Amino acid sequence: SIPLQPHSGLGIASFIISLGAGLMLLIALLIAGVLESQPGGLDEDSIAAGVLGLILVLAVLAQLLALGLSIAAVVQVGRNKLYGILGLVFSATGLIGAVLILLLGALLGS
């Protein structure tokens with residue numbers, strides 16, 4: 001029988017962080033969409049807009065952390081790389097999505 005390699009702790013951490021940050025980003029977008037659909041829309045100078053911006057920045061920073069951890073997990077020797085690869089895919093997808101959302105917002109705002 002083939003000896004099983006233990007899962008990388010870095011990979012598991014990157015996977016969990018990337019999922020949490022992606023969920024934060026999705027919830028912030030849903031809240032922004034609901035607030036924007038209300039009569040009068042979302043005032044850019046309101047506290048809600050500031051909180052949503054802060055959540056977006058935190059989600060991007062968390063995705064960057066997850067990306068770094070996943071790269072470290074993938075290059076680790078003697079460990080199962082499943083969670084490292086999943087964390088890499090999810091964090092990269094989350095970062096690309098966040099950048100596209102920011103670009104779309106900048107284009108629509110101008």
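Along the sequence shown, residues are numbered consecutively beginning with 1. Worth knowing before you read on, the calculation uses all heavy atoms, side chains too, and leaves out hydrogens, waters and symmetry mates. Everything numeric here is computed off the predicted structure, so don't read it as measured data.
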Going hydrophobic residue to hydrophobic residue with side-chain gaps under 4.5 angstrom, can you get from [X] over to [Y]?
| X | Y | result |
| --- | --- | --- |
| Ile27 | Leu56 | no |
| Phe90 | Ile12 | yes |
| Leu82 | Ile16 | yes |
| Ile101 | Leu26 | no |
| Leu64 | Leu88 | yes |

Working to the nearest 0.5 angstrom, can you tell me the gap between [X] [atom1] and [Y] [atom2]?
| X | Y | atom1 | atom2 | result |
| --- | --- | --- | --- | --- |
| Leu25 | Leu95 | CG | CG | 9.5 Å |
| Gln63 | Ile96 | CD | CD1 | 10.5 Å |
| Leu54 | Ile47 | CG | CD1 | 12.5 Å |
| Leu65 | Ser70 | CG | OG | 9.5 Å |
| Ile17 | Leu69 | CD1 | CG | 5.0 Å |

Atom of Ala73, atom of Gly84 and distance for their closest heavy-atom approach: CB-CA, 3.9 Å
Less than 4.5 Å apart, side chain to side chain, heavy atoms only: is that true for [X] and [Y]?
| X | Y | result |
| --- | --- | --- |
| Leu30 | Val34 | no |
| Leu19 | Leu86 | no |
| Ile71 | Leu67 | yes |
| Leu35 | Leu52 | yes |

Pairs touching residues 7-36 that satisfy side chain to side chain donor-acceptor pair (under 3.5 Å), sequence neighbours left out: Ser8-Gln76
Over 12 non-hydrogen atoms of neighbours within 6.0 angstrom of CG in Leu103: yes
Enclosure of Glu44 CD (heavy-atom neighbours >12, cutoff 6.0 Å): no
